[in-house]
Novice: 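Before I ask anything, let me first share the structure, which is written out below as C-alpha cells.
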Amino acid sequence: MKIAFLGTPTFAIPSLDMLYQSGHTLAVFTQPDRPVGRHATLTPPPTKLYALEHDVPVYQFDKIRMPEGVAALKAFAPDLMVTAAFGQILSAENLSVPKFGCINVHGSLLPKYRGAAPIQWAVINGETETGITTMMTDVGLDTGDILLTDRVGIDPDETAGELFDRLATLGAKTLKRTIEALEAGSLIRMPQDESQATKCPMLKKEHGKLDFSQSALSIHNRVRGTNPWPGAYAMLDDCVLKIHRTKLTDRQIDSEPIGMLTGNAKTGLFVRCADGWLEILELQATGGKRLNASVYLLGKSLEGKVLI
RNA sequence: CGCGGGGUAGAGCAGUUGGUAGCUCGUCGGGCUCAUAACCCGGAGGUCGUUGGUUCAAGUCCAUCCCCCGCAA
C-alpha cells in the first residue's frame, strides 16, 4: 500500500520501521528541524533521520494544513495516512486525501487520556494499566473511532521514559494488526464513549515542580511520570535541585516540617512528604551531574534542609 | 558570541583576607570480631582543566581558550 507517514519523535520510529519492513511505499511527513540543546543546534526529528537512512522521501511543514502541505500530500497520493505522535492538527482536507483515511497510533486506552502526553500523565496519575489504541483520525483531538486496542500494565516504579519505549514498540504491533485487518476488510470501527473521555494537557516544565504537601505516593508518581522529561525538581537554597528517581519507604514520620531532608551517605536521603518519607535515590544539583543521592552526600550534607 | 553554575587524589566535595592542599567514600596493609557492607590503626594516590600574566609567593587575583551542567529557546 502507499502510505503517508506523519510522525515526529522516537515514539513513531518503531511504527515507521514496521511499515518500511512490511514493504509499503512510504513518504514521511514531519515537523521542521528544531533548535536543540544549549547551542540551539538545528536538529532533524528522528523520523526524518530514519527516512533519510532508508531512502524514504521526507517532507517538512510548519503546518501541513496549509496549501503547500495539502499539495504535497495530494502529489504523493497515498492510499492511507498513518500518524504517530505527529504534533500537528490535521484538517478535513488533509484527511480527505487518502481513500482509506487516516489511522492514528495513540499511547493510551482511549477515550482516556486524549491529548499530547498520555503516557506521562498515566504514570503521574498512578494508573496501573494503559495501552495503545489505533483509531480513525478525525478533525477532533483524538476523538475518532477506535479500531484496535492493546493493554499493558504499568510497573509501580516504572518511569514514563521506560513505558514510552514499551508503548512505542507495542504501537508498531498494534498498527501492524490494524493495517492487516484493513487490507483484509475486517476492520471494525467503534465510536468512543464520550462519557468516559478525559483529556491530558501537553507536559510543561512546571509540571515537574514537586509539592511536598502531597502524599509520598503522588510525589513518587510525579517523579517517574516526568522522567526523563521535563524532569522533577524542587528548590533548595534558591537553587534548583532535580530529583530523578525516588523510592517509597515505611520510615516513620513525626512532626518534621514538610519538605525537610534527612539522612546521610550510608542511610540514604529522605524527604518529608505529607504522609511519610520518600527516599531520593538519584538527584542533580545546580551545576552538577546526576548522581546517586548517597554519592552526593559523600561531599555535602543536606540534613535538616528544607525543599520548597 | 542569550543568562547562570562548575572544572582540586578513583568518586563526591572543602579550601576563610594569596604563603607549595584537606574531608567523606573507595582502595592497599594491619587489628578487632563467629562474622561483616560495622568498628579501630596505618599507607598509597593530586604538575589544583589549558595557556599566559601580576607577585618574594597563586588552587586562591587578572586574561585567554577547552570541557561539563542548569535555565532560556
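Chain letters run A, B, ... following the sequence lines, proteins first and then strands; every chain starts at 1.
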Novice: For nucleotides B/rG10 and B/rU17, find the distance between their P atoms and express it as a whole number of Å.
Specialist: 28 Å
Novice: Is there a residue in residues 221-231 of chain A whose heavy atoms reach under 4.0 Å of RNA chain B, and which residues are they?
Specialist: none
Novice: Taking side chain to side chain donor-acceptor pair (under 3.5 Å) as the test, write out the residues that go with A/Gln60, two or more places apart.
Specialist: A/Asp33, A/Lys48
Novice: Identify the nucleotide, in any strand shown, that forms a Watson-Crick or G-U wobble pair with B/rC39, with both distances under 3.5 Å; if there is none, say none.
Specialist: B/rG31
Novice: Identify, with sequence neighbours excluded, every residue that meets side-chain contact (heavy atoms from CB on, under 4.5 Å) alongside A/Leu297.
Specialist: A/Ala265, A/Leu269, A/Leu302
Novice: Which part of the nucleic acid, if any, lies within contact of A/Val295, taking any heavy atom under 4.0 Å across all strands shown: a base, the sugar-phosphate backbone alone, or nothing?
Specialist: sugar-phosphate
Novice: Checking side-chain hydrogen bond (donor to acceptor under 3.5 Å, both in side chains) between A/Tyr113 and each of A/His106, A/Glu127, A/Gln120, A/Lys199, which is the one that passes?
Specialist: A/Glu127
Novice: Could you tell me the Watson-Crick or G-U partner of B/rU55, where both distances fall under 3.5 Å? Say none if there is no partner.
Specialist: none
Novice: Write down the distance separating the P atoms in B/rG7 and B/rG15, rounded off to the nearest Å.
Specialist: 10 Å
Novice: When you compare B/rG6 with B/rG29, how far apart are their P atoms, in angstrom units rounded to a whole number?
Specialist: 39 Å
Novice: Considering Watson-Crick and G-U wobble pairs with both distances under 3.5 Å, what does B/rG70 pair with?
Specialist: B/rC3
Novice: Using 4.0 Å as the upper bound for N to carboxylate O, is an ion pair formed by A/Arg166 and A/Glu158?
Specialist: yes
Novice: Suppose we screen for ring-ring contact (aromatic ring centres under 6.0 Å, His included). Which residues come up paired with A/Trp121, at least two apart in sequence or across chains?
Specialist: A/His207
Novice: Want to settle it: does A/Thr286 or A/Val36 sit nearer the 5' end of RNA chain B, counting the closest nucleotide to each?
Specialist: A/Thr286
Novice: Say we look at B/rG43 and B/rG59: how far apart would their C1' atoms be, to the nearest angstrom?
Specialist: 25 Å
Novice: I'd like to check the ring-ring contact (aromatic ring centres under 6.0 Å, His included) partners of A/Phe5; sequence neighbours left out, ordered by chain and number.
Specialist: none
Novice: Which residues pass the side-chain contact (heavy atoms from CB on, under 4.5 Å) test with A/Leu248, not counting sequence neighbours?
Specialist: A/Ala216, A/Leu217, A/His220, A/Leu278
Novice: Provide the distance between the two P atoms, one in B/rC62 and one in B/rC71, to the nearest whole Å.
Specialist: 28 Å
Novice: Tell me which of A/Tyr296 and A/Gly288 sits closer to the 5' end of RNA chain B, going by the nucleotide each one is nearest to.
Specialist: A/Tyr296
Novice: Checking A/Ala172 now: which residues fulfil side-chain contact (heavy atoms from CB on, under 4.5 Å) with it, not counting sequence neighbours?
Specialist: A/Pro14, A/Ser15, A/Met18
Novice: With rounding to the closest Å, how many angstrom separate the C1' atoms on B/rA44 and B/rG30?
Specialist: 15 Å
Novice: Taking A/Lys99 first and then A/Asp79, would you say they form a salt bridge - that is, a charged N and a carboxylate O separated by under 4.0 Å?
Specialist: yes
Novice: With rounding to whole Å, what would you report as the distance between B/rC39 and B/rA72 at their P atoms?
Specialist: 42 Å
Novice: Indicate, with a heavy-atom threshold strictly under 4.0 Å, whether A/Leu291 touches base, sugar-phosphate, or nothing.
Specialist: sugar-phosphate
Novice: Where does the chain A footprint on RNA chain B start and end, counting 5' to 3' with a 4.0 Å heavy-atom cut-off?
Specialist: B/rG2 to B/rA73
Novice: Using the salt bridge (charged side-chain N to carboxylate O under 4.0 Å, His left out) rule, collect all pairs that involve residues 135-148 of chain A, keeping only residues at least two apart or in two chains.
Specialist: A/Asp145-A/Arg189
Novice: Using atom C1' in both nucleotides, what's the gap between B/rG12 and B/rG26 to the nearest angstrom?
Specialist: 11 Å
